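Accompanying notes for the structure given below.
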Amino acid sequence: MERAWAWKEQYGGRIIEQLKKLGCSCDWDRLAFTMDERCSSAVREAFCRLYEKGLIYRGSRIINWCPDCRTALSDEEVVYSEDKGNFWYFRYPVKDSEEFITIATTRPETMLGDTAVAVNPSDGRYASLVGKTLILPIVGREIPVVADEYVDIGFGTGAVKITPAHDPNDFEVGLRHNLPMIRILNDDGTIGEQGGKFAGQDRYEARKNIVAEMKALGLLEKIEPHAHNVGHCHRCNATIEPLVSKQWFVKMAPLAKPAIDAVVKNKTKFTPDRFAKIYFNWLENIRDWCISRQLWWGHRIPVWYCECGETVCSRETPSVCPKCGGTHLTQDEDCLDTWFSSALWPFSTLGWPEETADFKYFYPTDVLVTGYDIIPFWVMRMMFSGIEYTGKVPFRDVLIHGLVRDEQGRKMSKSLGNGIDPLEIIDKYGADSLRLSLLTGVAPGNDTRFTDAKVEAARNFINKVWNASRFVLMNAKGPIPKIEDIKLQPADRWIISRLQSTIREVTVSMQKYDLGIAAVKLTDFMWDDFCDWYIELSKPALYGEDKERKRAALGVLLFVLDSALRLLHPFIPFVTEEIYSYLPGKRGSIITADFPRYNTRLSYKKEAKAFEGVIDLIKTVRAMKVAVNCPPAKKVRLFLVTDQKRLVCVNKSSVLRLAGASEIEFVASGAEAGEKTVSQVSEIAHIFVPLGELVNLEEERARLEKELERVEGEIARAGGKLANNNFIAKAPKKVVDDERAKLEKYIDMKQKIEKQLKEL
RNA sequence: GGAAGCUUAGCUCAGCCGGGAGAGCAUCUGCCUUACAAGCAGGGGGUCAUAGGUUCGAUUCCUAUAGCUUCCACCA
């Protein structure tokens with residue numbers, strides 16, 4: 001408990017500070033109290049059920065022990081690093097023989113606990129020795145030579161000393177061959193009673209002494225330097241010692257089977273489905289789950305020991321021993337692995353083991369969203385726990401997302417200090433921007449790099465939505481007709497159709513959990529179709545004299561905006577909610593509004609397609625102007641050869657406005673447009689523009705001549721530099737290459753300008 | 001050692017159940033056009049890692065190779 005308070009001193013302040021920032025108050029004692037009360041009944045229930053079914057047992061296992069901190073460490077708390085050490089080659093004599101086996105070890109002191117030497121069964125060198133007995137030097141113990149696949153023929157001498165109590169692999173070998181386990185280390189890292197004359201010595205002191213004695217006995221063959229990975233305590237950096245200890249385990253085979261079946265039978269589906277492979281791979285190779293932890297913070301194991309030797313597993317704290325009636329019961333000191341209680345999350349949060357209304361209504365849940373890195377820790381354990389305790393899978397879908405990495409693609413971590421503070425980003429760009437930036441263009445299960453630029457892009461889009469809405473609302477004064485009552489223009493039908501296909505695409509994408517694609521489709525529709533095209537197309541009507549046309553345009557604008565906001569709401573919750581509250585008419589909160597549904601009657605495929613011809617016409621005229629350097633604001637006359645006269649006429653005001661034209665004339669051929677014209681073919685029309693309309697010939701000639709002069713100057717400059725041998729020889733290659741590239745560019749420009757001048 | 005993934009424009013990444021290569025950012029050109037310069041219009045830029053295979057056709061499917069990444073195990 002003291003250590004728990006020390007931990008609170010170190011980290012508690014920061015946690016409370018963060019909670020305060022978020023507007024929560026926090027009281028440390030109460031937090032601890034709440035954890036205990038709310039969760040313990042479910043945890044105890046789960047533990048007891050497994051215990052009663054014989055799925056929990058207590059057994060020996062190798063754990064990581066830090067002799068300095070005198071505590072067990074979880075695998076995650078062990079840091080491996082490359083250490084320089086030695087290989088000591090020892091000779092172990094064969095009983096009643098002159099022969100011996102040479103083994104290599106990096107930890108000579110563990111020989112005190114050796115109970116066998118292992119060789120690979122297919123290793124010819126040692127075949128004759130398998131089954132024979134060795135005499136363990138110094139100790140004098142008789143130990144067998146066993147054959148085990150674990151041994152790597154090519155490594156060391158091909159013979160391995162086996163110390164089951166102090167090495168995880170040796171432990172396994174020990175189990176397979178029924179070898180005794182002799183623990184020779186004390187908790188403080190000194191040699192224990194089993195170490196004979198070395199008892200009481202520090203592990204490194206004993207190592208020195210043992211090597212010296214082996215040398216004196218003539219059994220030290222050689223010493224080789226050897227670099228190898230050694231585990232260190234993450235807190236004090238001391239070398240950890242694996243040693244055998246009593247732990248609690250859950251038998252996994254009976255739990256894993258139904259959990260595998262559930263996914264095979266599609267009761268639970270992974271998205272993307274490749275993650276099911278990871279899930280299977282884990283469950284198929286699973287070992288019993290060690291659930292006891294030597295921590296000071298967590299749920300204590302609900303097991304009590306009586307003086308009479310009885311072990312009691314109980315949901316309630318027992319006051320008397322059910323066997324002897326004694327009252328001196330002590331609870332197991334160990335805590336449960338945090339994942340044991342986390343595995344209960346889908347139902348313990350709903351009140352399980354009580355049959356609450358929440359549990360009945362919400363369980364099994366629909367979808368679990370999580371990162372791929374915790375499939376083994378959490379998803380898998382929720383699955384088999386849910387099936388075991390409730391008889392049902394805990395969720396139908398598992399949506400796996402990637403990790404957010406830093407700008408260089410590194411995992412964000414405390415030690416690197418490359419994490420970001422979401423609150424800072426929110427202050428800078430807004431919460432919606434952060435949310436949208438993490439959703440846009442990401443594929444399920446793939447990692448994404450966090451950059452300010454992405455958040456900025458999201459912010460710009462949201463700003464666009466805001467401004468477009470402002471524009472619509474600014475004009476939306478007076479009565480506005482409903483969409484059903486409006487006589488729709490071709491442009492109206494086009495945007496409404498585009499809205500319908502967007503609704504369909506977004507809906508399908510979201511059903512497939514392709515949120516990144518949904519977000520992209522939505523931004524494309526909102527920005528390109530609605531803002532850049534439809535709003536501009538609607539301006540002639542909005543600014544025109546015809547009141548009815550104006551109200552009709554507003555009706556369409558509001559209809560599309562309203563739908564778009566509801567589509568965008570899952571991606572941009574706060575801003576869409578705000579805008580929605582300003583829309584005319586009685587509306588509630590957008591959060592309870594229906595998500596738009598695809599409506600066939602509002603999909604005018606043919607007319608929408610035809611209208612794209614008008615858009616293409618406008619685009620083509622714009623491009624023609626840019627090509628000849630005509631300012632966009634300069635109005636030109638358009639001469640069109642087209643069989644779509646009616647379509648163009650209906651949209652005439654829009655074409656004039658958006659293409660920057662003064663008038664449109666329909667002609668039978670280009671000749672009618674005048675002698676000198678520029679022409680271009682668009683989808684629905686062959687376009688002719690009188691050259692003089694596009695450019696003022698005199699001004700253009702002057703501009704081109706000036707440009708030619710400048711370009712020739714550049715050619716002279718670059719050419720001069722490149723003609724200088726010293727420059728070529730001494731300047732960095734990149735500079736020279738750049739200069740050559742510039743020269744080529746200017747020569748090319750010169751030719752183009754000369755051609756233009758000739759044609760003028 | 002076991003498993004999974006990635007390699008597409010200068011950068012960050014989508015996409016492709018096999019048939020015309022995309023976005024954002026950056027860059028270039030021109031615009032302060034009365035919602036928005038955090039913007040508008042237009043443009044340039046890619047042998048879709050490499051080598052084979054299947055196919056009428058491969059960036060997409062298969063095999064191998066290389067480089068990078070992650071998870072797990074672990075070096076007597």
Side-chain angles (χ1 to χ4, degrees), chain A residues 75 80 82 87-88 103-107 110 114 117-118 150-152 155-163 166-170 173 226-231 272 274-282 284-285 287 371-377 402-403 405 407 409-411 429 433 437 440-443 445-454 456-475 514 516-517 519-521 523-524 527-528 531-532 535-536 539 542-543 618-627 629-634 657-660 745:
Chain A
D75 291 344
Y80 287 89
E82 183 114 315
F87 249 150
W88 284 272
I103 55 91
T105 180
T106 54
R107 292 186 298 158
T110 61
D114 284 0
V117 164
Y150 153 66
V151 182
D152 178 353
F155 193 76
T157 63
V160 186
K161 62 191 270 309
I162 299 298
T163 324
H166 293 286
D167 183 279
N169 289 308
D170 292 7
V173 175
H226 176 65
H228 59 144
N229 259 346
V230 177
R274 64 184 144 90
F275 287 102
K277 283 192 260 179
I278 294 182
Y279 175 83
F280 289 137
N281 188 260
W282 266 87
E284 280 157 9
N285 299 302
R287 291 155 64 171
Y372 58 74
D373 53 334
I374 58 170
I375 292 171
F377 296 117
L403 270 31
R405 300 176 169 279
E407 213 148 333
R410 298 173 304 180
K411 201 168 170 176
Y429 299 104
S433 305
S437 72
T440 305
V442 301
N446 283 9
D447 289 351
T448 176
R449 295 188 195 202
F450 182 89
T451 61
D452 268 41
K454 286 182 190 174
E456 206 180 317
R459 189 268 320 262
N460 291 353
F461 171 67
I462 293 168
N463 198 233
K464 187 79 182 171
V465 172
W466 179 262
N467 279 320
S469 307
R470 209 159 52 88
F471 173 77
V472 174
L473 292 169
M474 203 171 70
N475 288 288
D514 279 332
I517 291 175
V520 168
K521 297 276 185 208
T523 48
D524 284 354
W527 204 323
D528 297 345
C531 293
D532 290 345
I535 285 185
E536 296 306 322
K539 280 179 180 173
L542 290 182
Y543 299 150
I618 293 166
K619 282 186 156 185
T620 308
V621 175
R622 283 172 173 172
M624 285 167 75
K625 285 178 146 188
V626 169
N629 238 320
C630 169
K634 187 174 164 67
R657 182 185 176 89
L658 299 192
K745 190 181 95 182

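Convention: sequence-line order gives letters A, B, ...; per-chain numbering from 1. A quick note: this is a predicted structure, and the numbers were derived from the prediction, not measured.
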Give the nucleotide from the list B/rC74, B/rA35, B/rG42 with an atom nearest to the side chain of A/P168. B/rC74

Taken to the nearest whole Å, CZ/A/R410 to P/B/rU69 is 12 Å

What nucleotide, of B/rU12, B/rU69, B/rC75, holds the atom closest to the side chain of A/R405? B/rU69

Side chain of A/I517 only, please: which of B/rC40, B/rG15, B/rG42 is the nearest? B/rG15

Taking any heavy-atom pair under 4.0 Å as a contact, classify A/Y372: base, sugar-phosphate, or nothing. sugar-phosphate

Would you compute the distance between atom NZ of A/K539 and atom CD1 of A/I535 and round it to the nearest 0.5 angstrom? 7.5 Å

Side chain of A/A443, heavy atoms from C-beta onward: which of B/rG15, B/rU70, B/rC40 has the nearest atom to it? B/rG15

Quick check for you: among B/rA76, B/rC72, B/rA35, whose closest atom lies nearest to any side-chain atom of A/D152? B/rA76

Pairwise C1' distance, B/rA21 and B/rC13 [rounded to whole Å]: 15 Å

Tell me the partner of B/rU55, counting only Watson-Crick (N1-N3 plus N6-O4 or O6-N4) or G-U wobble (N1-O2 and O6-N3) with both under 3.5 Å; none if nothing fits. none

Give one of base, sugar-phosphate or nothing for A/T451, where a contact means two heavy atoms less than 4.0 Å apart. nothing

Tell which nucleotide pairs with B/rU65, taking only Watson-Crick or G-U wobble pairs whose two distances are both under 3.5 angstrom. B/rA49

Here the distance between atom P of B/rU34 and atom CD of A/E536, to the nearest Å, is 10 Å

Using atom C1' in both nucleotides, what's the gap between B/rG19 and B/rG24 to the nearest angstrom? 28 Å

Could you tell me the Watson-Crick or G-U partner of B/rC71, where both distances fall under 3.5 Å? Say none if there is no partner. B/rG2

With rounding to whole Å, what would you report as the distance between B/rA26 and B/rG10 at their C1' atoms? 7 Å

From the options B/rA38, B/rG30, B/rU70, select the nucleotide whose nearest atom is closest to the side chain of A/N463. B/rA38

Could you say whether A/G445 or A/D170 is positioned toward the 5' end of RNA chain B, judged by the nucleotide with the nearest heavy atom to each? A/G445

A/K625 side-chain N/O to A/P632 backbone N/O, donor-acceptor pair under 3.5 Å: yes

Out of B/rA4, B/rC71, B/rC36, whichever nucleotide has its closest atom nearest the side chain of A/K411: B/rC71

Just the rounded figure in Å: distance from P of B/rC40 to CG of A/D528. 9 Å

Judged by modelled atom types alone, do A/K464 and A/T523 share a side-chain donor-acceptor pair under 3.5 Å? no

Should A/D170 and A/K161 count as side-chain neighbours, where that means a heavy-atom distance under 4.5 Å? no

Classify A/D524 by what it touches in the nucleic acid, base, sugar-phosphate, or nothing, heavy-atom distance under 4.0 Å. nothing

Carefully, step by step, assess A/N475 and A/Y543 under the rule side chain to side chain donor-acceptor pair (under 3.5 Å). CA-CA 10 Å; A/N475 288 288; A/Y543 299 150; 5.4 Å; no

Rounded interatomic separation in angstrom, taking CG from A/L403 and C1' from B/rG5: 12 Å

Nearest to side-chain heavy atoms of A/W527, which nucleotide of B/rA41, B/rG39, B/rA35: B/rG39

Is a donor on one side and an acceptor on the other found under 3.5 Å between the side chain of A/R459 and the backbone of A/S437? no

As its Watson-Crick or G-U partner within any shown strand, both distances under 3.5 Å, B/rC25 has B/rG10

Keeping A/D447 on the side-chain end and A/G402 on the backbone end, is there a donor-acceptor pair under 3.5 Å? no

In terms of the nearest nucleotide of RNA chain B, which residue is placed more toward the 5' end: A/R657 or A/C630? A/C630

Can you tell me the distance, in whole Å, between the CZ atom of A/F155 and the P atom of B/rA76? 6 Å

From C-beta outward on A/P632, which listed nucleotide comes closest to its side chain: B/rU12, B/rG30, B/rC36? B/rG30

C1' gap between B/rA58 and B/rU50, integer Å: 15 Å

Within 45° of the six-membered ring axis of A/Y429 and under 6.0 Å from that ring's centre, is NZ or CZ of A/K454 located there? no

A/W466 near the nucleic acid: base, sugar-phosphate alone, or nothing, with a heavy-atom cut-off under 4.0 Å? nothing

What does A/K625 touch in the nucleic acid at a heavy-atom separation under 4.0 angstrom: a base, only the sugar-phosphate, or nothing? nothing

Distance, C1' atom - from B/rA23 to B/rC56, rounded to whole angstrom: 33 Å

Report which part of the nucleic acid A/A633 touches: base, sugar-phosphate, or nothing (heavy-atom distance under 4.0 Å, all strands). nothing

Nearest-Å distance for atom pair NZ/P, residues A/K464 and B/rA23: 17 Å

Interatomic distance at C1', B/rC61 relative to B/rC17, whole Å: 10 Å

Watson-Crick or G-U wobble partner of B/rC16, both distances under 3.5 Å: none

Does any nucleotide pair with B/rA38 by Watson-Crick or G-U wobble geometry, both distances under 3.5 Å, and what is it? none

Taking only the P atom of each, what is the distance from B/rG45 to B/rA9 in whole angstrom? 15 Å

Could you check whether A/H226 gets within reach of a base, just the sugar-phosphate, or nothing at all, counting any heavy atom under 4.0 Å? sugar-phosphate

Looking at every strand, decide which applies to A/A104 at a 4.0 Å heavy-atom threshold: base, sugar-phosphate, or nothing. sugar-phosphate

Taking only the P atom of each, what is the distance from B/rC31 to B/rG22 in whole angstrom? 29 Å

Of the nucleotides B/rG42, B/rA35, B/rC72, which one has an atom closest to the side chain of A/C531? B/rA35

